[in-house]
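Notes follow once the structure below has been shown.
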Amino acid sequence: MLVSPKILFDDCYGEYAIAAVNVFTMEQVHGLFNAAQSADSPIIVQITPVARNYAHPLMLNAMIEAASSIYPDVVYSVHLDHGTEEHAFSAITQGYSSVMIDASHDDFETNIKRTKAVTDTAHQKNIFVEAELGILSGVEDDLSVDDSHARYTDPTQAREFVERSACDSLAVAVGTSHGAYKFSGGKGLQFPVLERIQEQLPGYPLVLHGSSSVNPADIAAINNNGGKLKENASGVTDGELQKAIRYGICKVNIATDLRLLWTRVHREFFVQQPDLFDPIIPGKKYMEVYKEFMIERFEILGSSGKASYIKSNTQHL
Ligand code: 13P
């Protein structure tokens, strides 16, 4: 069942969080929906502009629609991740339930103006809008920001930003970064900043980008099979994610973990079975481990078992 993130966030605020997972391929769509159905967990399926360029928006929509028929119990939203106005306006006409306008690199006034242009159009069609205040470092798709340009969200600006831009959820920069090399200064998640943002926006859904856990066992397995990832790869701990939920984080963005898993499975396959050349073999394995990994994430985020409740409640509205 396709729902607005508003329904998901109204249910989870302060108690649990929804995994928002980036998808690029058929195997990932299968893995995500299969896990969500098994764990009875709501999900947000996220699509970046790079994914849209790679697979084509129509292909991604068709895969997600097919997955919702194959896994009919899944409660999900479809979200545009890190879009411009142009991406947002086209996603709004393509059946997305939610769009992110990322004008976080602009100054405060321009960010408000650009976000407001998207909320004005999206809200006419009941589409939910995520915006971002503050700048995350790291690499995601074609976005790359070095540490010196990263900037925490200023809690004193948060309420004014939300009121004037009319965005429905806010991505905050509180120490996480995109990619496999988080917390390079060893600082971890900045809870005092997050707490002050929540004080400014009580009950309002906040979004944590850069939430991958970056499993050291995956890094080691990749490097043992010919990879060259750096030793300092690290991610957000389960405890940090669980604590962040209490401070209003409702949406937890995950992309890197599933890329690492893909790399591990395929490197192991090519190195350990050099005589084989069939995409179905590592593809199947990837879907299996993807499913297992996401079921474990749903447990950590507390979203397991919540989808059927949301479904029954929504149908009675
Ligand atoms: P990770 O790189 O930590 O997976 O974060 C992904 C993300 O924030 C997508 O918007």
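Owing to the predicted nature of the structure, the values given are computational and were not obtained by experimental measurement. Numbering starts at 1 and runs along the sequence shown. Counting convention: from 1, in listed order, for ligands and their atoms alike.
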Study note, to complete from the structure: Min over S212, G210, G235, S213 of heavy-atom distance to atom 5 (O) of ligand 1 lands on G210

Check your understanding: Counting only N and O atoms by type, is there a donor-acceptor contact under 3.5 Å from the side chain of D40 to the main-chain atoms of S308?
Key -> yes

Would you call [X] and [Y] a salt bridge, using N to O less than 4.0 angstrom?
X: R264; Y: E268; result: yes
X: R164; Y: E109; result: yes
X: R114; Y: D106; result: yes

Check your understanding: With a 4.5 Å heavy-atom cut-off, do S98 and V78 have their side chains touching?
Key -> no

Check your understanding: Below 4.5 Å, heavy atoms only, C-beta onward: do V174 and Y152 meet side chain to side chain?
Key -> no

With heavy-atom distances below 4.0 Å as the criterion, list the atoms of ligand 1 near [X].
X: I254; answer: 4 (O)
X: H209; answer: 8 (O), 10 (O)
X: H82; answer: 10 (O)
X: N22; answer: 9 (C)
X: H178; answer: 2 (O), 5 (O), 6 (C), 7 (C), 8 (O), 10 (O)

Who's the nearest protein heavy-atom neighbour of [atom], and how far?
atom: atom 2 (O) of ligand 1; answer: T256 OG1, 2.6 Å
atom: atom 10 (O) of ligand 1; answer: D81 OD2, 2.7 Å
atom: atom 3 (O) of ligand 1; answer: K182 NZ, 2.5 Å
atom: atom 9 (C) of ligand 1; answer: E140 OE2, 3.0 Å

For ligand 1, note which part of [X] has a heavy atom under 4.0 Å away: side chain, backbone, both or neither.
X: N253; result: both
X: T176; result: neither
X: S211; result: backbone

Check your understanding: What residues join Y181 in its hydrophobic cluster, counting side-chain heavy atom gaps under 4.5 Å, either direct or through other members?
Key -> V214, I219, I222, L229, L260

**Study point:** Linked hydrophobic residues, M100 as query - side chain contacts closer than 4.5 Å
**Key:** none

Review point. Which class fits the ring pair Y286 and W262: parallel under 30°, tilted 30 to 60°, perpendicular over 60°?
Key: perpendicular

